[in-house]
Amino acid sequence: MEQTLSHYFGYKAFRPGQKEIISQILSGNHTLGVLPTGGGKSVCYQIPGLMLKGTTIVISPLISLMKDQVDQLKSMGVSAAYLNSSQSSHEQREVEKLLAQGELKFLYVAPERFENGYFQHLLTRATIALVAFDEAHCISKWGHDFRPSYQAVVHKVFAIPQNFAMVALTATATAEVQQDIMSRLNILKQHVVKTSVKRRNLVFKVNPTYQRQKFVLDYVKTHEKEAGIIYCSTRKQVESLYEALDDADIPATYYHAGLSAKLRDEAQNDFLYDRTRVVVATNAFGMGIDKSNVRYVIHYNMPGDLESYYQEAGRAGRDGLQSECILLFSDRDISLHEYFITSSKADDDYKERMGEKLTKMIQYTKTNKCLEATLVHYFEPNENLEECQQCSNCVDKRKTYNMTKEAKMIISCVARLKQSEAYQVVIQVLRGEKTDYVKHQNYEDLSTYGIMHDYTTSELHHLIDELRFKGFLNEQDEILLCDASVETLLNSNEQIYTVPFRQKSKETVHINTVEGVDRKLFDQLVEVRLKISEKLNVPPTNIFSDYTLEEFAKRKPTTKEEMIHIDGVGSYKLKHYCPQFLEAIQNYKTYV
Ligand code: ADP
């Protein structure tokens, strides 16, 4: 087992859960593996697949995932292919021929393929080593991405008259979804391998910002060397954010299901091949994209449930290096999801569950508790919770201060305006600005005009936001409203506390990387990797992950013997890729 891992993948040790899952499969047991995103689920079926006789069938819901995985296996010298509707009938026949001749170690197929009688016939004749269900939560109606075609496949797989193990793999399964998968695939409790969903290299942040676009532009600018995904909830929003980035001369690409297959492929490949660092996308992007050096995932909107959030956010930092998952949201995101639920055609039971999931998602955005612990608790209610000390809530050690005085000033200002006004008008009046509108409305005559002239616009925004979150003010379409109940506040002794305003987008981010890395050399090695990637048409991180390059740039190996000891270097890669890296390191050492 270890030998296969090291020979093909170049990894020196198994990650938690991998060895247990592989052992179960090799003993012929139907197995469920729940490993966090980036936990290395592919290895769990690839290693037994390489060790067992016959072909491993991998059922996978997305075409992009198949291609990546097949490319990766081929880059390790393993015979692999996929069958899906994107291929010509000639290409499909070629693959079927290889399957019939027993020449494939791995075959990736979409669930729909099982509806094809000829394919079923081929499977009956082939020697099957193992059947793997990737993204297995799609089997369950209670999962966040249910696909009915997946359930039909299960029956077809059981009908194949051969003895082989099945493995179901997923990252984001609640207890209910796990139970559902187990009963559908006849998996016994003792054959479930589960590791903590915790991913210590991910730093979670929630930012209830009113200036999402500005936040994103600033963030992307200060992280220009890093790859990141920005998720928006609608296609329209994807395009408008992309345009904003483009206007600011920030290279980016965008992706959503409304684009042609060609444009989607282009966008995905530009991102995968490091030609564009940033992709703005709907949730149609990313499932199965194995790009290990995604350093940040920003959610421009709040998703509808924590499973989707964790899965999408988890696309950051698959190489184990520190990465950020930032959730920006406004209360308007909530009504959008409420609308989705109420207008859905699903039965009441289902709607109720979706509503419960939405509530948990909203709680995540509002909690003061550790964000990582909140996520872990959602998936593993029995896990002992500890604070991560790195999420935005844990780091928020800033002392709260009493903002009752400011709250009273703001609320009396809102209450005295002639009519309900937008945020910015309230701020202009508080700051005593002389805009045409303010003059036209005679707001200069109000006693509250200019009472907060020494506060910046951003600070006032922050204070108003706090009052909204605490329920003293309401907002509808950017218009601030207050009702009679605030009178009681103005006359009571109730105290309101907040944290001081801090421009979040200006924060410097310390990415925790391998210590002692020679950054100059690292940048040169990235260039070497890019050249090989272009030449061989293999995504850069399939050649070596950032982690492995950082190790090279730290240890500066000059011989193959030194290189083989580094995590990520296997025999195949040593032979095919390492010479160029050795040469670059040698040259660097000579001239520096
Ligand atoms: P997921 O669980 O999200 O499907 P992948 O299978 O794509 O994760 O693995 C994530 C990354 O971790 C890949 O780049 C993979 O090659 C790497 N990986 C998997 N197993 C190990 C291991 N034992 N040691 C180091 N890296 C590993």
Side-chain angles (χ1 to χ4, degrees), residues 1-23 32-50 56 58-62 64-73 75-76 78 80 106 108 132-138 167-173 193-199 201-202 227 229 272 286-295 297 307 310-321 323 325 514 529 538-551 565-570 572-573:
M1 230 190 270
E2 276 84 358
Q3 220 185 341
T4 314
L5 181 75
S6 151
H7 176 76
Y8 286 100
F9 299 89
Y11 300 136
K12 309 297 175 254
F14 281 107
R15 291 220 179 123
Q18 286 180 329
K19 199 169 172 178
E20 292 81 351
I21 296 175
I22 298 168
S23 307
L32 168 62
V34 187
L35 301 187
T37 317
K41 283 183 284 297
S42 320
V43 163
C44 296
Y45 60 80
Q46 286 169 345
I47 292 204
L50 287 164
T56 292
V58 186
I59 303 160
S60 152
L62 271 194
S64 59
L65 178 131
M66 299 179 191
K67 193 173 168 313
D68 280 355
Q69 296 280 341
V70 168
D71 286 348
Q72 194 151 27
L73 285 166
S75 76
M76 300 185 308
V78 177
F106 292 91
Y108 286 76
F133 289 87
D134 208 357
E135 310 290 348
H137 53 271
C138 298
V167 58
L169 295 159
T170 177
T172 42
V193 179
K194 233 182 109 187
T195 63
S196 171
V197 296
K198 238 182 247 173
R199 291 192 39 207
N201 65 317
L202 297 186
I229 308 175
L272 209 57
M287 198 188 200
I289 288 190
D290 185 14
K291 180 174 169 63
S292 62
N293 62 346
V294 175
R295 287 279 80 84
V297 171
E307 284 133 285
Y310 199 51
Q311 187 170 55
E312 287 157 19
R315 294 190 179 123
R318 276 161 180 260
D319 51 13
L321 297 179
S323 311
C325 308
V514 178
R529 181 175 69 177
V538 174
T541 52
N542 282 14
I543 294 167
F544 285 123
S545 72
D546 281 14
Y547 177 84
T548 304
L549 290 196
E550 287 198 350
E551 284 286 330
H565 293 296
I566 291 175
D567 218 22
V569 184
Y572 185 88
K573 292 189 177 182

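Counting convention: from 1, in listed order, for ligands and their atoms alike.
- The backbone N or O of Ala227 lies less than 3.5 Å from no partner atom in the side chain of Lys291, so there is not a single donor-acceptor pair.
- Among all heavy-atom pairs drawn from Ile22 and Cys44, the shortest one is CG1-O, 3.7 Å.
- Inspection of the Glu135 and Gln311 side chains reveals an N or O donor paired with an N or O acceptor under 3.5 Å.
- To the nearest 0.5 Å, the span separating NZ on Lys573 from NE2 on His7 amounts to 12.5 Å.
- Under 4.0 Å from any atom of ligand 1, one finds heavy atoms of residues Tyr11, Ala13, Phe14, Arg15, Gln18, Pro36, Thr37, Gly38, Gly39, Gly40, Lys41, Ser42, Val43, Asp290, Arg318.
- Salt bridge present: Lys19 and Glu2 bring a charged side-chain N and a carboxylate O closer than 4.0 Å.
- Contact check on Asp546 versus Arg318 returns no salt bridge, with no Lys/Arg side-chain nitrogen under 4.0 Å from an Asp/Glu carboxylate oxygen.
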